[in-house]
Amino acid sequence: MTSHRFIPPFVTALLVILSGGNASAQNIAASGQPYPNRLVNGMNLGFSTRPENLTPLGVSAQDCLQDMTLQFSVTLSGFTGNDTVQVWGSTGSDCTALTDRGIGATTSKCWGLAGNVVDPIINTPQTYSFNVRVQDLVGWQQTPPLVTEAALPPTKGKEACSAQPTFAAVPMKLNFLAVDSSGNVQGTPYQYSITTDLVGPPAPAGLQVSTTGADLLASWTPNSDEDTIGYDVFFASAPAPDGQAGCAAPSLASPLGTGGGGDGGAGGAGLTVSDPTVGSYDLGAAHSDTQASVVVEAVDGLGNVGSATSPACDSVGTVEADAPGVACAVAAPGEPGSALPCLGLLGVAWAMTRRTRRSPS
């Protein structure tokens, strides 16, 4: 029979402490703030900068171009005097392995985010805020920094906003690690997942504008990608000059439907068409002797606007005054009157707040 010797509880506790046991293991956890605050030029914009019908969280091209800072809040407990907290970015790794952070390796999978190392109060739970620049987060997604600079890579600029190679969103990770003096991760780290999308969807194909009954109709082939959530439709019309061959309408105005719900009802804020499977938009009554031009751009869930289609244009001949749905008809030559009301669609400029589209600069 094997004998067991009784060890008093206070001796067990002492042995755990002396042996470096995990009685007070380092722990990093989410605080009462579940999402990062967004700061631009020192102003705290709160959790989100997008309408509720678009993806309220995540990083967009506009966030990147604004040089936005994300402020994360975590609670730390069980730390010793040799521990620091480090924040590392990645596209998939949890960054706990030394080699993923470029230590003892020739490449790195993770990159440190500057200015985010603290020395927590020993064994006392504390809540800390960590600021992460969007450009520093997304700028290394294709090519992580060299191992010699992975812990503190060079600060990124607006070139980071062009880092995404395709229109598909890139899931990224922020890893909050308790690290000892040798670089080893201790206790329980915390990982925050965030979606970054810096590129708008592709332009829809097959755009054309035509008359259907008494109305003008824009139509296109809906996008098949998962990124598209709707479309912005730009429209302008003007008189067709006498003797002009072809169709050349004026510059396009702001997109239709923005600020007024569009044809998408409650889901239309910022979108003319809020359904990615829809491929048409009724532009309203056609008018005599006018020309109309349309351009369509696809929009994703973070509000990124994709590249524009080539303009589609159509010339409208004579419209009968009593045709159903026609608002007016052009007056006969030399008669005063009805020509100007017929041009009410000219340069349609709906009141709205337009998202800034990304420029290559």
Side-chain angles (χ1 to χ4, degrees), residues 7-39 47 57 69-105 107-134 136-138 140-141 144-145 147-153 171-196:
I7 301 177
F10 75 90
V11 175
T12 301
L14 179 62
L15 291 173
V16 169
I17 293 173
L18 293 177
S19 63
N22 59 0
S24 59
Q26 301 88 337
N27 184 72
I28 306 176
S31 68
Q33 176 189 315
Y35 309 122
N37 281 325
R38 298 165 183 269
L39 289 76
F47 291 164
L57 300 174
T69 294
L70 303 177
Q71 186 178 78
F72 295 84
S73 178
V74 295
T75 298
L76 315 177
S77 60
F79 279 69
T80 71
N82 295 322
D83 302 325
T84 60
V85 175
Q86 299 180 8
V87 184
W88 290 75
S90 71
T91 55
S93 171
D94 64 8
C95 302
T96 56
L98 289 170
T99 52
D100 283 5
R101 286 176 277 139
I103 301 173
T107 60
S108 61
K109 295 181 180 179
C110 306
W111 54 95
L113 296 164
N116 288 308
V117 177
V118 299
D119 189 5
I121 299 174
I122 299 174
N123 245 350
T124 303
Q126 295 286 319
T127 297
Y128 286 80
S129 293
F130 296 87
N131 290 343
V132 175
R133 291 180 66 239
V134 165
D136 291 335
L137 171 64
V138 303
W140 301 101
Q141 63 176 243
V147 295
T148 54
E149 57 187 17
L152 192 63
M172 302 194 75
K173 311 293 183 183
L174 281 94
N175 302 283
F176 297 78
L177 311 176
V179 181
D180 66 16
S181 56
S182 299
N184 298 303
V185 174
Q186 304 293 311
T188 304
Y190 174 67
Q191 186 178 73
Y192 187 96
S193 298
I194 192 166
T195 297
T196 64

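One is the number of the first residue; the rest follow in order along the sequence.
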So which heavy atom on [X] is nearest to which on [Y], and how close?
X	Y	answer
L137	M172	O-CE, 3.3 Å
L70	P36	CB-CB, 4.1 Å
W88	C95	CB-SG, 3.8 Å
T91	W111	N-CH2, 4.2 Å
Q33	S73	OE1-CB, 3.7 Å
S93	Q191	O-NE2, 3.6 Å

Among residues at least two apart in sequence or on other chains, which ones pass ring-ring contact (aromatic ring centres under 6.0 Å, His included) with F47?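 Partners of F47 by the ring-ring contact (aromatic ring centres under 6.0 Å, His included) criterion, ordered by chain and then number, come out as Y35.
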Run L174 and V87 through side-chain contact (heavy atoms from CB on, under 4.5 Å) and show every step you take. CA-CA 7 Å; L174 281 94; V87 184; 4.3 Å; yes
The single option from F130, Y128, Y190 that satisfies side chain to side chain contact (heavy atoms under 4.5 Å, CB included) with V85 is F130
Which residue, D180, N175, L177, forms the side chain to side chain contact (heavy atoms under 4.5 Å, CB included) with V185? L177
Counting only N and O atoms by type, is there a donor-acceptor contact under 3.5 Å from the side chain of S108 to the main-chain atoms of P145? yes
Ignoring hydrogens and angles, tell me if any N or O in the side chain of D100 forms a donor-acceptor pair with the backbone of A97 under 3.5 Å. no
Return yes if a side-chain donor-acceptor contact under 3.5 Å exists between T75 and S31, otherwise no. no
Under 3.5 Å, is there a donor-acceptor pair linking the side chains of T96 and D94? yes
According to side-chain hydrogen bond (donor to acceptor under 3.5 Å, both in side chains), who are the partners of W140, at least two apart in sequence or on a separate chain?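 W140 satisfies side-chain hydrogen bond (donor to acceptor under 3.5 Å, both in side chains) with no other residue.
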Holding to salt bridge (charged side-chain N to carboxylate O under 4.0 Å, His left out), I want the full list of residues that pass it with R133, two or more places apart in sequence or in another chain. D67, D136
Inter-residue atom distance [X].[atom1] - [Y].[atom2], 0.5 Å rounding:
X	Y	atom1	atom2	value
T80	I122	OG1	CD1	7.0 Å
L113	F72	CG	CZ	9.0 Å
T69	L39	OG1	CG	6.0 Å
S90	Q141	OG	CD	11.5 Å
K173	C110	NZ	SG	12.0 Å

